[in-house]
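Below is one structure, written out as C-alpha cells, with a few remarks after it.
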Amino acid sequence: MEEKIKKMNSLLSKCYIVFWLLPILIVILGECNWIPTGNNAADVRATYYYEVVGILLTAALVPVSLKLFHWTMVKKIDTLSFPEALRKYGIISILRIGLLALVVVFNFLAYYLALSTTCILCSCIGLVASLFCIPSDRRLREELHITTDTK
C-alpha cells in the first residue's frame, strides 16, 4: 500500500512540475522570438477572438477543474476500494492539472501572438488556481481518508 502511494505521489509531482515548466518554456520561446510575437497584434478581430476564447476557457475550466475534482471525490471515489480509489484519484488529479495547463498554455500563446494583456491575466488566474492542486503525501492521504498508524 505504501509503495503504491509513493508511486502515485511521484507521478503527480512530476505532472505538476511539467505543468509549471510549460509556461516557463513558452515565455522563454516568446522572449527569444521563436514564437511569432505580435503577428496578430494589428488584427483587431484576431485579438478579439484570442481574448474571448481565453476568457471562456478560463471561466469554464478553472472552476470545473477545482469543483469537479471535489464532487468526483465525494460522489465516486470515496465509495471504492483502496487500489481502485488510488487509481481514479491519480486520473482525476492529472485531468485537473491538464485542464489548468490548457488554460495557461493557450493564454500564454495568445498573449505572444496578439500581445493582449487580457490573456496574461487569464494565464495568471490558471497559475494561481494550480496552487490549490499541489500534490503531497498528506493531501493524498486526507482526500482518500487513509490513516497512518504511528506507534
Side-chain angles (χ1 to χ4, degrees), residues 2-77 80 83-144 146:
E2 291 298 318
E3 175 90 15
K4 290 181 181 182
I5 291 173
K6 286 180 183 177
K7 282 184 182 180
M8 185 57 67
N9 275 329
S10 174
L11 175 67
L12 295 177
S13 295
K14 288 174 187 173
C15 289
Y16 194 75
I17 290 169
V18 168
F19 169 81
W20 277 94
L21 288 177
L22 283 173
I24 291 170
L25 179 65
I26 292 171
V27 168
I28 290 171
L29 293 176
E31 294 302 319
C32 292
N33 288 327
W34 289 8
I35 297 174
T37 305
N39 270 8
N40 296 330
D43 187 0
V44 176
R45 181 173 286 177
T47 302
Y48 172 76
Y49 288 135
Y50 283 131
E51 288 177 353
V52 167
V53 171
I55 290 168
L56 290 176
L57 277 175
T58 305
L61 296 183
V62 169
V64 164
S65 67
L66 297 177
K67 191 62 181 171
L68 183 66
F69 179 81
H70 175 72
W71 179 80
T72 305
M73 286 298 298
V74 171
K75 298 285 185 187
K76 306 269 181 178
I77 294 178
L80 299 173
E84 188 67 20
L86 186 63
R87 188 181 70 77
K88 294 237 181 189
Y89 177 85
I91 291 170
I92 295 297
S93 295
I94 292 171
L95 178 65
R96 174 166 66 168
I97 289 294
L99 291 174
L100 292 174
L102 179 66
V103 169
V104 171
V105 167
F106 176 83
N107 281 302
F108 266 120
L109 289 176
Y111 166 72
Y112 279 107
L113 293 174
L115 297 176
S116 168
T117 55
T118 302
C119 295
I120 284 292
L121 174 66
C122 291
S123 289
C124 290
I125 291 170
L127 290 172
V128 169
S130 75
L131 297 176
F132 294 103
C133 307
I134 298 173
S136 70
D137 184 62
R138 193 192 84 196
R139 178 182 217 136
L140 185 142
R141 289 176 189 279
E142 285 176 4
E143 289 176 344
L144 290 178
I146 300 170

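For reference, positions follow the sequence shown, starting with 1. For the numbers below, each heavy atom of this structure counts, side chains included, while hydrogens, waters and symmetry mates do not. None of these values were measured; they are calculated from a predicted model.
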Closest approach of Leu100 and Ser65, non-hydrogen atoms and distance? CD2-OG, 3.3 Å

Begin from the C-alpha positions of Ile94 and Leu11 and carry the test side chain to side chain contact (heavy atoms under 4.5 Å, CB included) through to its verdict. CA-CA 9 Å; Ile94 292 171; Leu11 175 67; 3.8 Å; yes

Once you round to the nearest 0.5 Å, how far does CG of Leu140 lie from CG of Asn9? 5.0 Å

Value rounded to 0.5 Å, distance of CG in Leu95 from SG in Cys15: 11.5 Å

Just to verify, which of Val27, Ile26, Ile28 counts as forming a side chain to side chain contact (heavy atoms under 4.5 Å, CB included) with Ile35? Ile26

For Phe106 and Tyr50, run side chain to side chain contact (heavy atoms under 4.5 Å, CB included): C-alpha distance rounded to whole Å, both residues' side-chain angles, the deciding distance at 0.1 Å, then the answer. CA-CA 9 Å; Phe106 176 83; Tyr50 283 131; 4.2 Å; yes

If every non-hydrogen atom of Glu51 is compared with every non-hydrogen atom of Thr118, which pair is closest and at what distance? OE2-OG1, 3.8 Å

Going from CH2 on Trp20 to CG on Leu25, what distance comes out if it is rounded to the nearest 0.5 angstrom? 14.5 Å

The test is side chain to side chain contact (heavy atoms under 4.5 Å, CB included); show your working for Leu127 and Phe19 and say whether it passes. CA-CA 9 Å; Leu127 290 172; Phe19 169 81; 4.0 Å; yes

Under a 4.0 Å threshold between the charged nitrogen and the carboxylate oxygen, would Lys6 count as salt-bridged to Glu3? no

Contact check, side chains of Cys119 and Leu109, non-hydrogen atoms, under 4.5 Å: no

Walk me through it: do Val104 and Leu22 pass the test side chain to side chain contact (heavy atoms under 4.5 Å, CB included)? CA-CA 9 Å; Val104 171; Leu22 283 173; over 6 Å; no

Would you find a donor on one side and an acceptor on the other, under 3.5 Å apart, between the side chain of Tyr16 and the backbone of Ser130? yes

Before accepting this row, confirm whether a basic side-chain N of the pair Glu2/Arg141 lies closer than 4.0 Å to the acidic partner's carboxylate O. yes

Looking only at heavy atoms, which two atoms of Arg87 and Met8 are closest? And how far apart? CA-CE, 4.4 Å

Identify the heavy atoms of Thr47 and Ala114 that sit nearest to each other, and give their distance. OG1-CB, 3.7 Å

Under 3.5 Å, is there a donor-acceptor pair between the side chain of Ser123 and the main chain of Phe108? yes

In this structure, OH of Tyr49 is separated from CG of Asn40 (nearest 0.5 Å) by 12.5 Å

Verify, without hydrogens or angle tests, whether Ser93 (side chain) and Tyr89 (backbone) share a donor-acceptor contact under 3.5 angstrom. yes

So for atom CH2, which belongs to Trp34, do other residues, nucleotides or ligands contribute more than 12 heavy atoms lying within a distance under 6.0 Å? no

Which value, rounded to the nearest 0.5 Å, describes the distance between Leu57 atom CG and Leu99 atom CG? 10.0 Å

Shortest non-hydrogen separation from Leu113 to Pro36 and the atoms involved: CD2-O, 3.6 Å

For Cys122 and Thr58, which heavy atoms make the closest approach, and how far apart are they? CB-OG1, 3.2 Å

Rounding to 0.5 Å, atoms OG1 (Thr72) and NZ (Lys67) come to a distance of 11.0 Å

